[in-house]
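Written below as structure tokens is the structure these notes are about.
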Amino acid sequence: MSFFNKLDTKFFKTKLEEEKARLEKSLSKIAEKNPQNPEDWETKSEDLNIMPSDQSEVADVLEEYGNTAAMETEMEQQLNRVKAALKRIKDGKYGICKIKNCEIEEKRLKADPTAETCMEHTKRN
């Protein structure tokens with residue numbers, strides 16, 4: 001019996017699908033899917049057409065947009081990691097270290113279901 005067969009991939013698939021749904025819901029509050037590339041999200045801009053006469057208001061709006069854009073980028077990157085992990089499950093490669101094709105510890109996968117490397121190779125990734 002291979003490691004993949006011993007690993008409860010249904011558990012991890014469910015966990016990853018729940019995280020995917022959570023991330024997509026959170027992203028939809030601050031971003032929209034790019035019509036030209038549905039895999040890409042773009043930060044929603046509230047109202048950047050403010051009068052330039054109030055410099056502090058302009059600065060506040062731009063700072064808020066920058067913060068939202070940073071959150072969107074981070075969530076989108078995590079969503080991409082989740083999608084990649086789901087693809088590895090589908091392809092029968094989940095739980096296999098991408099550096100040496102050894103097993104990724106179940107403890108590590110429970111802590112981070114998107115992990116691509118075992119503990120030994122984490123520092124090299």
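Starting from 1, each residue takes its place in the sequence as its number.
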If you define the side chain from C-beta out and look only at heavy atoms, does anything of [X] sit under 4.5 Å from [Y]?
{"X": "E39", "Y": "N34", "value": "no"}
{"X": "L16", "Y": "Y94", "value": "yes"}
{"X": "L23", "Y": "V82", "value": "yes"}
{"X": "E18", "Y": "T14", "value": "yes"}
{"X": "L79", "Y": "L27", "value": "yes"}
{"X": "H121", "Y": "C102", "value": "yes"}

Inset, instruction - Report the residue from K15, R81, R108, K13 that forms a side-chain contact (heavy atoms from CB on, under 4.5 Å) with P113. - result: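 Filter result, single survivor: K15.
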Run the salt-bridge test on [X] and [Y] with the 4.0 Å N-O cut-off and return the result as yes or no.
{"X": "K110", "Y": "E106", "value": "yes"}
{"X": "E19", "Y": "R22", "value": "yes"}
{"X": "E32", "Y": "K44", "value": "no"}

Legend entry - Check: E105 side chain, M119 main-chain N or O, donor-acceptor pair, under 3.5 Å: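 Yes.
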Inset, instruction - Taking all heavy atoms of L86 and all of E17, pick out the closest pair and write down the distance. - result: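 Closest approach of L86 to E17: CD2-CG, 3.9 Å.
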Legend entry - Pair R88-E116, salt bridge (Lys or Arg N to Asp or Glu O under 4.0 Å): steps then yes or no: CA-CA 9 Å; R88 288 192 301 277; E116 296 181 312; 3.4 Å; yes
Legend entry - Intermediate values then yes/no, side chain to side chain contact (heavy atoms under 4.5 Å, CB included), L7 and L109: CA-CA 10 Å; L7 192 64; L109 290 171; 3.8 Å; yes
Inset, instruction - Name all residues meeting the side chain to side chain contact (heavy atoms under 4.5 Å, CB included) criterion together with K33; count only those two or more places apart in sequence or in a different chain, and write none if there are none. - result: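 K33 satisfies side chain to side chain contact (heavy atoms under 4.5 Å, CB included) with W41 only.
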Inset, instruction - Given side chain to side chain contact (heavy atoms under 4.5 Å, CB included), test T114 with Q78 step by step and report yes or no. - result: CA-CA 9 Å; T114 65; Q78 180 61 20; 3.9 Å; yes
